[in-house]
Protein chains: 2
Amino acid sequence: MAESPRNTRQRRAVATILDELHGFASAQEIYDSLRSKGDQVGLSTVYRTLQAMVEADEVDALRGGDGETLFRQCSAGHHHHLVCRSCSRAVEVEGPTVEKWADGVAAEHGFSDVEHTLEIFGTCAECAPR
Amino acid sequence: MAESPRNTRQRRAVATILDELHGFASAQEIYDSLRSKGDQVGLSTVYRTLQAMVEADEVDALRGGDGETLFRQCSAGHHHHLVCRSCSRAVEVEGPTVEKWADGVAAEHGFSDVEHTLEIFGTCAECAPR
DNA sequence: ATTCTTGCAAACTATTTGCAGAACA
DNA sequence: TGTTCTGCAAATAGTTTGCAAGAAT
C-alpha cells in the first residue's frame, strides 16, 4: 500500500486551516492565513502540501477565473461546486443527471474515456446586495 | 454603437488561422502556426487580438488542464464543448437540461446572478487506440 | 493628420524546482 | 541513522504592459 506522508508541523497547520475555511482559497491566501495565525510555513511548502492533498483526494482544486488555483477541503466522491464569487463560500452539489448527460453526449460523438468539469458561480444570499 | 477594430494584416492573419483550425489551440500554437505560414505577427499582438475576439464573442476561450488558455472560433450563443484530449478537436454541444439544473440548484441555495462552466473531455474516435 | 495598432523588451503572476540543512520515524 | 521534508532563492510558463514607431482611416 501507499506510504503516507510524514506528520509534520507544517502539514498539520495547512490541514487545520483548510478545516477552518468554509470556501475555496488560493495558495497565497492560505499562506497568509497561516502567517497571521503565527504558523510559519514556507510558500513552497504550502504548494507542495496542497498538491499532495489533492492527489490524495483530501482536497479539491479548481481554477478561478483569473488563473489561480483555489483549494478546499471536500468530501470524497464525484461532486461539483456552487461557489460564491464574492466570498468564495462553496456548496457541494451532485448532479447524476448531468453526469449521465455528459457521458451520453460524449458517447454519441464517439468519444471514450470521458471526464468533465462543471462549476457553478453565483452570489450567495449573504453577499447579495439588498 | 461600438466601434469595430481596424482591419489590419495581423488581425486578418489570426482570424484566418482560427478559421482553419478544427480544435482549440493556445496562443503560442497560433503564433507558431502563423510563423510557419510566413505570417509575421508578434506574440503580444496574437494575445491582444485573441482577447479582443473573445470579448467580441467571436472566439471561445477555455482553460486547459495545465494552466494555459485555449482558443477556438465558435458559433454564437451559450454552448459547451466536447474536447478531444489528444488532438484538441472540439464539438459544440448544447444542454438545456443542464442549464436548468444548474440554475435550479443555485436558486435552491439562495444564489443569484448564476453562471456556470462545463467542459467535457475525452478521446475522440480517431485518436482512440484501436 | 489623427488615432489606433504593433512589436519589442521588460514586468508580472502563479507555480515549480535545486539544494543544503532540519525534522521525522 | 536514514530518509523525507522544508525553506529559500532562482527558474519557469503564460500572459500583460509601456512605449516609440508604423499603419489604418
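Within the 4.0 Å cut-off from OP1 or OP2 of C:dT5, at least one side-chain nitrogen or oxygen of B:R11 is found.
Bounding nucleotides for the chain B contact on DNA chain D, 5' to 3', at a heavy-atom distance below 4.0 Å, are D:dG14 to D:dT25.
With the nearest nucleotide of DNA chain D identified for both A:R6 and B:R12, A:R6 has the one nearer the 5' end. The residue among B:Q28 and A:Q10 whose nearest nucleotide of DNA chain D lies closer to the 5′ end is A:Q10.
Taking the six-membered ring for Trp and the full ring otherwise, the centers of B:H81 and B:F24 sit less than 6.0 Å from each other. Here A:H80 and B:H116 keep their ring centres 6.0 angstrom or further from each other.
A salt bridge between A:R72 and A:E92 is present, with a side-chain N of the basic residue lying under 4.0 Å from a carboxylate O of the acidic one.
B:M53 is listed as a side-chain neighbour of B:V14, based on a closest heavy-atom distance under 4.5 Å. In this structure, B:L118 and A:W101 have side chains that are in contact, with non-hydrogen atoms separated by less than 4.5 Å. Counting only heavy atoms from C-beta outward, the side chains of B:F71 and B:D60 never approach each other to under 4.5 Å.
Dense packing is recorded around CD of A:E20, with more than 12 heavy atoms of other residues, nucleotides or ligands lying under 6.0 Å away. Taking a 6.0 Å sphere around NZ of A:K37, one finds it holds more than 12 heavy atoms contributed by other residues, nucleotides or ligands.
The separation between A:D32 atom CG and C:dA14 atom P is 11 Å, rounded to whole Å. One can place CG of B:L34 at 12 Å from P of C:dT6, the figure rounded to the nearest angstrom.
For the contact set between residues 35-71 of chain A and DNA chain D, defined by any heavy atom under 4.0 Å, the members are A:Q40, A:V41, A:G42, A:S44, A:T45, A:R48.
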